[in-house]
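The figures here come from the full heavy-atom set of this structure, side chains too, leaving out hydrogens, waters and symmetry mates.
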Amino acid sequence: MTGNGSRYAGNPFSPLSVAITTDTVSEDPTIETAAVRRAESLLKEYLGASALAGAGNVLAVSGEHGTGKTHLGMRLVRVAKAADPPANAMYLDVASDRFTGLYSRFIRKLGRDGVRARVNDFYADVVADSLATGTTMDIATLVRNREVAPDKVVGGYQMMESALLRQVAESLNEELGTITEDPAYGIALTLLLRPGYDDAVWDWLNGSAPHAALVERGITNRIDDEVSALDAMGVFALLHGRKGRRFVLVIDEIDKILTGRPIEMAVSKALQRLLQVFQQAGAFLVLSGLPEFRRALDEDVRERLGETVTMPPLSAVDVIAFIDRAQQGEPDLPDVEFQPAAVERMVRLVNGNPRQIFNLCHALYRTAVEESRPVDTVMVEDEVRGQASDVTLAEVSAAVRDLLNRARIPYFPGLHFGTRNSRADFWIETGRDSGFAIIVVDSVFTGGLEGLRSRLDAVRTARRAVEVVLVVANVLDPDAAAELTTHVVDRPVLYDRRSFAEALQPILRSLAERFTNLGGTNALPAIREWLVRIDMDNSTTHQMMERLGREIDRLTEDTAVQLATLRDRVNVVNLTAPADPAEESGRGFPASVAQLFHDALATLDRFGHPDALFDRVYTRAEDSSDHYRRVTQLLNRLAATGVYEAAGTLSMLRRWIVAFSTAAASWYVTEGRDAREAGPARSRFDALCRTYERVAETMPISRMTPLFRLVAEGELEGTGGRVADRTIQERVTEFTEQFRALGVQVRRTVLAELSSP
């Protein structure tokens with residue numbers, strides 16, 4: 001390893017634990033597994049096809065959390081955009097549990113100008129057909145090839161515009177007849193070519209009720225349910241597939257829509273039509289999500305899917321190649337040795353999960369440079385243990401307790417059986433001398449098994465018939481898990497906030513069946529009833545989360561209003577305007593970069609601003625004991641441990657984000673033009689971003705947990721609901737990822753803007 005022991009802010013490994021999902025495509029090195037190579041091969045076959053009619057494809061990408069699905073989707077978009085000629089490629093990540101939310105993101109991404117351009121293609125064909133005789137044949141060719149705008153020809157040759165537009169509407173409806181018989185699309189899209197109708201048509205395409213001008217022309221329906229949303233997406237897939245254009249659409253996290261709820265037959269049929277349209281129109285659709293999304297599809301829909309690419313865990317060979325490429329890509333940074341045994345240990349501890357491996361590489365590189373030593377197995381285990389410490393034993397125990405309480409099953413917490421080391425965190429009695437114990441531990445490594453085995457043996461021998469369920473909060477070494485197979489009823493359960501109940505249920509159900517053959521099983525019927533109640537409770541929870549998701553989606557629809565309010569509140573400099581009005585417009589800070597800062601501040605406000613709590617106190621002010629009780633309750637919550645410290649951390653975080661935005665904007669205006677190529681200006685910008693990265697790594701974001709909890713409790717005020725620990729931790733995790741990712745996102749987006757023509 002080269003370098004010295006001084007603290008160094010640079011790092012060739014991204015600090016992100018998730019892929020960036022902005023329009024800027026990731027620059028991170030790609031580990032070219034067989035799945036990646038196959039997906040790229042299918043896309044390149046499509047891009048190189050001589051004819052597109054009927055040559056479309058629907059690719060399914062399946063994988064667990066953190067296996068690289070998003071990175072692959074973004075890579076496919078980059079490949080499509082780099083093709084010759086470039087394909088129209090789009091990445092969409094699902095943000096709600098309905099196809100209406102997906103369509104809303106889709107139409108906004110297409111944009112008004114993009115939609116109008118596709119309608120103009122029809123107009124050009126109609127105008128060209130009208131000119132394709134006699135002396136105007138040459139003009140017709142120019143119009144058909146889009147070398148001359150059709151509206152200019154119509155005016156110059158005094159053609160009857162209204163008749164031509166009627167032909168456009170007829171042509172549109174004829175083309176779209178395979179996806180919908182509703183003539184509204186042909187009428188509305190044609191109106192985009194006429195002055196004064198833009199807003200009315202655009203609002204309707206975005207799901208609003210039709211304006212009076214549209215109603216007069218027979219448009220009375222809305223695009224406001226899942227069937228109409230899917231049909232509308234098919235309409236635009238058809239429009240983009242004309243004239244040999246290649247259209248690539250990646251839809252990530254599709255499982256959010258397809259799982260956790262029954263899909264109505266009408267919606268399933270609409271989805272089937274959409275997949276068929278993509279294939280027939282010569283478009284390339286990628287559906288990416290957790291493995292269960294394919295199982296949630298009807299058989300007719302699954303038949304429309306093409307090949308399925310499954311994202312595999314990474315091998316040590318894969319990771320070594322990734323490490324080498326990442327460090328070779330940053331030759332100015334110190335080179336760190338990752339010992340082969342350390343890489344193998346890392347891969348084994350996280351089961352080859354790419355997201356966790358990338359996160360570990362970032363942290364291990366930093367530690368190795370600061371301590372001027374290679375990455376060895378000891379460093380790997382220490383880092384894995386440290387990164388996993390965000391889950392506490394208290395959180396896991398609370399999750400178990402919540403599961404048991406909701407199911408109304410009696411249990412003994414923290415029961416000690418009277419012998420040394422014989423404590424069960426939860427004891428569920430199935431008879432006078434039988435039952436099963438749940439033991440919760442932090443992490444399990446091979447090096448610390450002796451004490452754990454002793455405890456398991458003590459609990460198992462405390463009664464005649466005892467089965468033990470071991471729940472691990474953070475790290476489960478697979479080698480250690482194999483050694484424990486004779487001490488526990490099943491493989492230890494590794495805690496996951498998203499799926500803990502689903503992971504624990506099958507084991508408990510199996511135990512209930514096993515105790516059928518044991519003596520003294522009076523509690524067995526109650527246990528079975530309990531398991532039924534757990535299933536019902538989970539179903540209710542899924543429904544509640546779906547409703548909550550829809551509410552959040554509705555609240556975030558109007559992005560422009562949100563950002564305007566945000567700017568007023570935090571007094572952020574107008575990043576999209578040049579510092580000097582005399583500067584040319586090209587010198588202004590790019591809107592795409594400014595959006596990153598505004599989004600980070602918006603997330604901070606959404607999770608950490610208790611404004612609504614204070615507003616409710618004053619808007620409902622009254623001279624009554626009930627009012628003063630509410631005020632007292634709020635003051636007590638504010639006085640809770642850590643709330644004021646969290647508020648100070650929030651203020652500091654805001655200042656860091658605003659300061660970074662101001663510095664980045666100033667650099668862009670003064671030096672941006674000089675940074676298109678590597679040089680001093682680019683180096684100064686890299687240093688600026690790395691400084692922020694260093695700040696983000698050291699900020700104690702976890703201290704904001706009490707404030708996030710306070711805000712979440714305010715959201716549930718009056719509902720009688722209780723905020724689960726995992727909900728709070730998910731908020732902390734989401735903001736942590738966004739805050740720490742900001743520096744990398746800004747750098748990539750700025751460089752992409754500078755490299756664009």
Just wondering, do [Y] and [X] contact through their side chains at under 4.5 Å, heavy atoms?
X	Y	value
L305	V301	no
D113	R116	yes
T70	Y91	yes
I107	V115	yes
F99	L258	yes
L230	R273	no
F247	L239	no
R118	L110	no

Hey, what do you get for [atom1] ([X]) to [atom2] ([Y]), rounding to the nearest 0.5 Å?
X	Y	atom1	atom2	answer
D300	Q272	CG	CD	5.0 Å
K81	M90	NZ	CE	9.0 Å
L274	L249	CG	CG	8.5 Å
L297	E292	CG	CD	11.5 Å
L102	I254	CG	CD1	6.0 Å
T259	L290	OG1	CG	7.0 Å

Residues N206, D203; criterion side-chain contact (heavy atoms from CB on, under 4.5 Å); working and verdict: CA-CA 5 Å; N206 279 275; D203 288 347; 5.7 Å; no
E264 CD: over 12 foreign heavy atoms closer than 6.0 Å: no
Whether over 12 other heavy atoms sit under 6.0 Å from E299 CD: no
Examine the side chains of [X] and [Y] and answer whether a donor and an acceptor come within less than 3.5 Å of each other.
X	Y	value
D318	S315	yes
R37	S41	no
R294	T308	yes

On a heavy-atom basis, which atom in [X] and which in [Y] lie closest, and how many Å separate them?
X	Y	answer
F293	S288	CE2-C, 4.3 Å
P210	R222	CD-CG, 4.0 Å
V248	A87	CG2-CB, 4.4 Å
D198	L192	OD1-O, 3.7 Å
R194	R217	NH1-NH2, 4.5 Å
A270	D231	CB-OD1, 4.2 Å

Stepwise side-chain contact (heavy atoms from CB on, under 4.5 Å) test for I219 and Y185: CA-CA 9 Å; I219 301 176; Y185 288 100; over 6 Å; no
Verify, without hydrogens or angle tests, whether [X] (side chain) and [Y] (backbone) share a donor-acceptor contact under 3.5 angstrom.
X	Y	answer
R246	L47	yes
Q279	R304	yes
S104	T100	no
W202	G111	no
N57	E307	no

From CA spacing to verdict: side-chain contact (heavy atoms from CB on, under 4.5 Å), L205, L189: CA-CA 9 Å; L205 290 175; L189 292 173; 4.2 Å; yes
Salt bridge (Lys or Arg N to Asp or Glu O under 4.0 Å) against E40, all qualifying residues, sequence neighbours excluded: K44, R75
I257, V227, D225 screened by side-chain contact (heavy atoms from CB on, under 4.5 Å) with V267, the one that passes: V227
Trace of the side-chain contact (heavy atoms from CB on, under 4.5 Å) decision for D199 with R112: CA-CA 9 Å; D199 290 340; R112 190 182 311 201; 2.9 Å; yes
For F284, all residues meeting ring pair (Phe, Tyr, Trp, His ring centres under 6.0 Å), sequence neighbours excluded: Y46
Set of residues satisfying ring pair (Phe, Tyr, Trp, His ring centres under 6.0 Å) with respect to Y103, sequence neighbours excluded: none
Basic-acidic side-chain contact under 4.0 Å: D252, K69: no
Residues K269 and D298 bridged, charged N to O under 4.0 Å: no
Centroid-centroid distance, F358 to F322, less than 6.0 Å: yes
